[in-house]
Amino acid sequence: MSTPKDLSQIPADELKQFVDSFDDVFCDCDGVIFILMKVFDGVPDTISTLKSLGKSIRYVTNNSSMLRDDFAKKLQKQGIECEKDDIINPCRAIIDHLKAANFEKKVYMISLPSLRQEFEESGIKIANKYGAELCEVNATSFLQCIQEYDNDVGAVVVCFDFNMTYLNLNRALRYITNPDVKFLATGYDQRIIFSPNQFCMGPAFFHDLLQSASGRTPIWLGKPRDDFVEYIKNQPKCNPERTLFIGDSLEQDMGFAHKLGFTKLLVLTGNTTLEDLKNCDKEMLPDYYISSMAELGKLLKNNF
Amino acid sequence: MAPKNLAEVPAEEVAAFVKSFDNILFDCDGVLLLGEDIIPGVKDSVNSMKEMGKEIKLITNNSFRTTREWNEIFEDVELEFTSHDVIFPTKAVIHYLQAKKFNKKAFVLGQPAMVEELKEYGIGVYDYKDCPKLKHVSDLEDYIGDDLSIGAVIVDLDFNLTYPKLMKAATILKRPDVHFIFCATDKTAPFGENYKIIGSYFIGETLEMITGRKPVILGKPSVTYNNFVKKNYKKIDPARTLFVGDSLMTDMLFATKCNYQKLLVLTGTTSYETMMSCSKEVSPKYYLRSLGDLHKLLN
């Protein structure tokens, strides 16, 4: 494997070769096209330039915190042309997974309300419509609470919920102790950034805990997990040899794209610096890097 | 060497074993008690040990009872112990904070009994009001802020733990002078019949991970907890002390780390098969089906 190249410094003929090498783009969102849903300057231009060059663009995010419809609308409002179906997130992957398995039972979910709504809109029944719950705090009432067992539950989906309670985690544990109940997980992040100075623990915490306490490994639909690699591979119009992945994280994006056999482009607007490339595993090294999506747009505009 | 059933070794070996210790430390849940009930035969076994002059203390990771409630349960099951004989994490926490001349408030992720006991001993406890169900991530900020009146975060099993409460603990712990105390560190805890719940291990570990802080652990199998145990004695010789417990990773590991002799009983969290395949570090020399059988071997 060769060292990553600065896309803005390569000769014109190599740049042309690069641009000709792909038809489809899968693009991460957070740290690439926006931060906290605020689109970076210049990104809409870059997207339309790519499209004018005949490239298709899909967005692959681990963020399932809002409906895909709302997600698309937020991007549209900020000048990015896209459709709901262009957004690929773990929520959609799980719904597709359950549908493919002709799943007809109920799902117990640790998730935000938006995710439950998206499930219900897809015709999947939810066991805990109202999400998080607390109980009386003494041991007897807690025991009574966790002894309730809904036999119609056939899957547990664990995502992120800032209203999560200890009771919910214990209910989830109880269901997945039954090997017939599917155990599905989304997201991967250890930390979630809420505001510039505040980060909170991400969904990885819930997964690790339930995995370790139950001894079961979930079907894990989120970057960079293998189950999600398979899911992306099976998307329509996915030809690894003609696909570019753009992302800001080494493990989640570059490592993920490596497993898919995509060409990899790293942008430096998120959580990776050039310094990080020095010590990183070969599998996570990008083929190219560029300072930002805006820079990519300028480069393409000037050369094509 | 595989653990031997004390009930099946020759009488001389039992006698030699019993002579080899002066002190006994009993775990409670799964050894003496199951829930609120005494395990059959335990009373006779405990009494016969007392008659032989063994000094007995109980050492548990269970902070679900106050001093008063410990006295009540001993009375209910007719065991001749008082709260003075039992060492539980809340006691160690109180001792630890008093030694540090702690005069702020403690933020407790634990049981109401722990809160009550801390207050009883003059430790201020932050009055946490369960936060309402939040609509937006941005609402979270109002519920996870620091409060400078808090000087310690205590982590045990908290049935009403929520994400915002946990994050508030993390915020508080960002101040390096805040004491970070972790009590029971079990991964899962037996609860009711054939049922396990998520132990506080994960809660403490998460706080460690997101704050980068290392907690002081005041529960088995931590040696720091044993330092507190030793304060209950003028002098204690570990080699002449027997630890009787039901769990491998909490009790037997603790006993190994503290150089106590080990006896495992199978009335709690460990099955015969698990015991037979456990690592050398936690493997006891002897085991008994139940502590209730011990007195029968002595006649």
Side-chain angles (χ1 to χ4, degrees), chain A residues 36-37 63 65-66 110 112-114 130-147 149 160-174 176-177 190-195 197-215, chain B residues 35-36 62 64-65 109-113 115 128 130-141 143-146 157-171 174 186-211:
Chain A
L36 297 165
M37 291 309 289
N63 184 343
S65 69
M66 66 176 90
I110 293 185
L112 296 172
S114 55
Y130 305 105
E133 48 175 346
L134 285 172
C135 66
E136 288 296 317
V137 45
N138 71 59
T140 321
S141 67
F142 186 75
L143 184 59
Q144 276 167 359
C145 274
I146 51 172
Q147 275 172 346
Y149 186 94
F160 175 71
D161 180 8
F162 51 76
N163 284 313
M164 179 281 297
T165 68
Y166 180 69
L167 180 57
N168 291 133
L169 287 173
N170 276 290
R171 282 204 200 286
L173 176 64
R174 177 106 197 265
I176 58 174
T177 306
Q190 297 272 356
R191 290 173 175 189
I192 288 185
I193 300 163
F194 287 135
S195 62
N197 300 316
Q198 183 78 53
F199 63 81
C200 283
M201 59 186 191
F205 159 72
F206 307 103
H207 302 144
D208 289 352
L209 184 160
L210 287 171
Q211 202 173 337
S212 174
S214 70
Chain B
E36 303 288 303
N62 179 342
F64 283 37
R65 294 189 184 97
L109 308 183
Q111 294 292 315
V115 170
Y128 181 81
D130 284 332
C131 104
K133 208 182 266 189
L134 306 176
K135 287 217 168 75
H136 302 286
V137 163
S138 53
D139 299 338
L140 200 55
E141 270 184 77
Y143 294 93
I144 61 174
D146 199 357
L157 202 54
D158 183 351
F159 288 152
N160 262 359
L161 185 66
T162 61
Y163 184 86
K165 191 173 181 182
L166 188 54
M167 289 317 308
K168 190 179 180 74
T171 307
K174 280 184 191 159
D186 310 62
K187 283 197 172 179
T188 54
F191 203 67
E193 266 176 50
N194 307 321
Y195 190 59
K196 63 179 181 182
I197 55 172
I198 295 162
S200 45
Y201 168 84
F202 297 101
I203 310 304
E205 189 195 50
T206 301
L207 285 174
E208 272 187 66
M209 189 184 80
I210 54 181
T211 63

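Atom set for the values below is all heavy atoms of this structure, side chains included, hydrogens, waters and symmetry mates excluded. Reminder, nothing fancy here: chain letters follow the sequence lines and each chain counts from 1.
Remark: K165(B) pairs with F107(B), L109(B), Y128(B), D158(B), L161(B), T162(B) by the side chain to side chain contact (heavy atoms under 4.5 Å, CB included) rule, at least two apart or across chains. Among residues two or more places apart in sequence or in another chain, the ring-ring contact (aromatic ring centres under 6.0 Å, His included) test is passed with Y130(A) by none.
Between the OG atom in S212(A) and the OH atom in Y201(B) there is a gap of 6.5 Å [rounded to 0.5 Å].
In this structure, K133(B) and G131(A) approach most closely via the heavy-atom pair NZ-C, 4.2 Å. In terms of heavy-atom proximity, P132(B) sits nearest to N163(A) at O-OD1, 4.2 Å. Residues F162(A) and P164(B) come closest through the heavy atom pair O-CD, 3.3 Å. When all heavy atoms of I197(B) and F142(A) are compared, the closest pair comes out as CG2-CE2, 4.1 Å.
Most heavy-atom pairs under 4.5 Å with chain A: of the set I203(B), L134(B), T206(B), this distinction falls to L134(B).
Remark: side-chain polar atoms of Y166(A) are paired, donor with acceptor, to backbone N or O of I198(B) under 3.5 angstrom.
Contact of D139(B) with chain A is not made at all, since no heavy-atom distance falls under 4.5 Å. Of the two parts of L112(A), neither the backbone nor the side chain holds a non-hydrogen atom closer than 4.5 Å to a non-hydrogen atom of chain B. Using a 4.5 Å cut-off between heavy atoms, N168(A) does not touch chain B at all.
In this structure, Y163(B) has its ring center no closer than 6.0 Å to that of F205(A).
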